[in-house]
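Here is the structure we will look at, set down as structure tokens.
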Amino acid sequence: MAERSFAKEVQKLKQGEGETFTGEGILGITKALLENGVGYVGGYQGSPISHLMDVLADAQEILGELGVHFEASASEATATAMLAASVHYPIRGAVTYKSVVGTNVASDALSNLASGGVTGGALIIVGEDYGEGSSIMQERTYAFAMKSQVWMLDPRPNLPSIVKAVGDGFELSEVSNTPVMLQVGIRSCHVHGHFTARDNKRPEMTVSDALENPKRKLDRIVLPPATYLHEEEKLTKRLPAAQNYILEKGINERFGNASGKVGVILQGGTYNTVIRALNRLGIADLYGDTDLDMLVLNCVYPLVDSQIMEFCEGKDAVLIVEEGQPNYIEQQIAHMLYKAGKTVRLEGKGMLPMGGEYTGQVMVDGIGAFLAEHAPAMLPVQKTATNEEPVAIPDLSKTLPARPPGFCTGCPERPIFAATKLVEEELGPHHISSDIGCHLFSIMPPFDLGATTMGYGLGPASAAAFHNEDKKGRRSISFVGDGGFWHNGLTSSIGNAVFNKSDNVIIIVDNFYSSATGGQDILSSRAVNKTKQTQNSIVDAVKGMGVKWVRQIDRTYDVTKMRDTLKEALTTEEEGPKVIVASSECMLNKQRRVKPQLAKAAKEGQRVVRPRFGVDEDVCTGDHACMRLSGCPSLSVKDTGDPLRDDPVAAIDQTCVGCGNCGEVADAAVLCPSFYQAEIVTNPSATEKRRATRARKIISWLQSRRDAKRVAFA
Ligand SMILES: O=C(O)C(=O)Cc1c[nH]c2ccccc12
């Protein structure tokens, strides 16, 4: 079950001509796909585009009624290869994926798609995950657009602009026979707003129609000599066709006073922040009305030389606002100006930071500096005057503990790493390769396990070089999640280890969902999914690949079993890769699934039992070893108030979900017997109530007797 259900929101997708559609950016994109007669959609989830996949999945019925086929693609490579349906057929297709990491995975298919070109519009909606809050390395998808020569739209972050970009993208793709990327940053994906809807349009040709009338054109297939023709076509036909369309359709927008002596060229996606900065600098109102001449690039690749040159004509200075590095747009514009012998002053990186997100303050500083230098008269007096020194913010790192990201309360992956630590205590440290997914939090305290992460499903692959000549010597341990396993780990990691006779140990962390991306179903999900085949066994797949030594652990909270199995894997004389499939349901998803069920049962008067754990503070010695092997957010410290006990004791707060990990860890590590399990019973039976009342009476009698003998500290 995905993190969020869009079952209610997707009903808006049925709106027709003239109605006002209100909602989130991603929902607007979905509506726009339907209004533009899309024939098929697919993709792979990942922040910030995960919810678009969830919306599409929840909208499957509506899509089906329109004859639109939807796939939750196995990977971004699959999604991009799916766009092959637009190569020979005039069918519009759209896929979605995350940023540069998704494009990395997709790039084989993307190069092929871009070479042969398309007949029907092919749109790739890329959730660009750049800047503060990003979950990935800081690179730009832009590089892929340049190297494959596919076009990239980057609309202003508001619903009408984003919705328009979907239609523009399809047309641009069709007139230039080129796939088009529609880049949306995190703020565009989740911006709320409204636009005037149009009727949904059935695709003129469906994928079923295509199957009934198959076509192929040899010159569209990527095989020499056609590839040479494709390159020539890119240069002589597709690029000029795209540039003509961009110009004729007015894709890029001009705001402000066109005869201004200074101007700004910006990526559409940065528009809102630029306007806010101008507003703060006192030269724009809240609606973006300004005298400053601006060229907003809703299409960031390709640039149209004549448009750029016209904008720069007669100006003293132009600022390029381009987020991320390298400064591809600035380089192209500098090149154009230099070739044309122009002397306009070009500013960009340098005045603005070389890298990092262009947040509100960064824009105020950068654009402010540009105007102060090249058009000081534009700035109101109070802004050009020197400001007061800003109030110094104290260095919080000295007073507050760091809060690295970590596993959720009750996460079933925590005991796997607790067990790994226990094994290392016995066998010594090992080289550990990590992978993409929640389990990557193992690299953080308190576990501090894992040395590299090389890509999705590539944990075991990144241990491939570690071949120990000594058969009895130390093996490497690697992790891969169930998401990464099905994305490409089965071949790139498991198959590779089998084929190369690796002796290393692989742990597949199976939590029944693609959890880090928002809890989407995958092949091995245990849930019944109406439109997908779930419940496919990871163990069977691994055995099918040729692994001989496979162990299934179906309750990861069993730390002792986990520890012993890992120890066996590291020491067995059996050859070949040793694979442990460690399975327990993601606690976040489990709570989402179970909580409403329990609440409903309790409301209906049924007996509901919820386990909770606690620490007996009289037994706890306050050495906190349990925390060093757990890291559960619900496991904290508490002052006993007893002046004879300096150290705070362990305590479990109300967020505990009763997974039992703390107790299991304490037991496996022979730490202490201070953990206890309690049961919170809603709607207890009459006997239970009587028993509880009696127990409470006896306990309170015993407690008051003990308290009477205690020395009281005032
Ligand atoms: O959702 C995220 O933050 C991810 O990084 C997940 C993800 C989705 N597709 C990928 C391809 C390569 C690496 C990570 C991902």
Side-chain angles (χ1 to χ4, degrees), residues 2-4 26 42-57 71-82 95-110 124-141 143-144 181 183-187 189-190 357 404-408 413 433-444 450 452-462 478-493 509 511 513-523 525 586 588-589:
E3 180 177 88
R4 238 192 93 177
I26 45 165
Y44 195 89
Q45 65 275 356
S47 169
I49 208 80
S50 279
H51 283 176
L52 183 48
M53 282 305 292
D54 298 340
V55 166
L56 292 172
E71 296 232 334
S73 312
S75 75
E76 296 81 356
T78 318
T80 312
M82 183 163 117
V95 299
T96 179
Y97 43 73
K98 176 195 175 95
S99 217
V100 81
V101 291
T103 319
N104 283 335
V105 173
S107 57
D108 183 5
L110 186 61
I124 300 165
I125 303 155
V126 176
E128 187 76 345
D129 197 24
Y130 183 84
E132 293 172 10
S134 164
S135 62
I136 52 161
M137 73 300 274
Q138 296 297 275
E139 291 186 5
R140 298 176 66 185
T141 310
F144 286 92
M181 286 179 162
Q183 168 174 283
V184 274
I186 187 154
R187 285 173 183 78
C189 290
H190 302 304
E357 186 174 333
F407 298 105
C408 302
E413 301 181 1
S433 303
S434 308
D435 204 310
I436 309 259
C438 301
H439 42 91
L440 189 55
F441 292 137
S442 67
I443 64 165
M444 297 299 205
T452 52
T453 167
M454 288 288 118
Y456 206 22
L458 299 180
S462 47
S478 62
F479 289 90
V480 55
D482 46 355
F485 174 81
W486 293 116
H487 185 269
N488 79 67
L490 178 60
T491 49
S492 306
S493 279
V509 182
N511 63 14
Y513 306 90
S514 171
S515 291
T517 59
Q520 291 80 7
D521 277 341
I522 45 174
L523 272 99
S525 289
C586 161
L588 209 57
N589 275 277

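First listed ligand is number 1; within each ligand, the first listed atom is number 1. Just so it is clear, the structure is predicted and the values come from calculations on it, not from any experiment.
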Just do the ring pair (Phe, Tyr, Trp, His ring centres under 6.0 Å) check on Y456 and H487 with the steps written out, would you? CA-CA 7 Å; Y456 206 22; H487 185 269; 4.3 Å; yes

Going by the closest heavy atom to atom 10 (C) of ligand 1, which one wins out of E76, K98, M137?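 Going through E76, K98, M137 one by one, E76 has the nearest heavy atom to atom 10 (C) of ligand 1.
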
Do T517 and K98 have side-chain atoms, one donor and one acceptor, less than 3.5 Å apart?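 Not at all, the side chains of T517 and K98 share no donor-acceptor pair under 3.5 Å.
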
Are Q45 and S514 close enough that a side-chain donor and a side-chain acceptor fall under 3.5 Å?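 The answer is yes; a qualifying pair exists.
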
Pairwise distance OG1(T96) to OH(Y44) - rounded to 0.5 angstrom: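 Rounded to the nearest 0.5 Å, the OG1-OH separation comes out at 13.0 Å.
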
Nearest atoms (heavy-atom pairs only) where S50 meets S47: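 Between these two residues, the closest heavy atoms are OG-N, 3.7 Å.
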
Decide whether an N or O pair under 3.5 Å exists between T517 and ligand 1.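 No, T517 has no N/O under 3.5 Å of an N/O on ligand 1.
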
Sub-3.5 Å N/O-N/O distance, S47 and ligand 1: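 Indeed, backbone or side chain, S47 has an N or O that close.
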
Under 4.0 Å from a heavy atom of [X]: which atoms of ligand 1 are those, numbered in the order shown and with their elements?
X	result
G46	1 (O)
S135	2 (C), 3 (O)
Q45	8 (C)

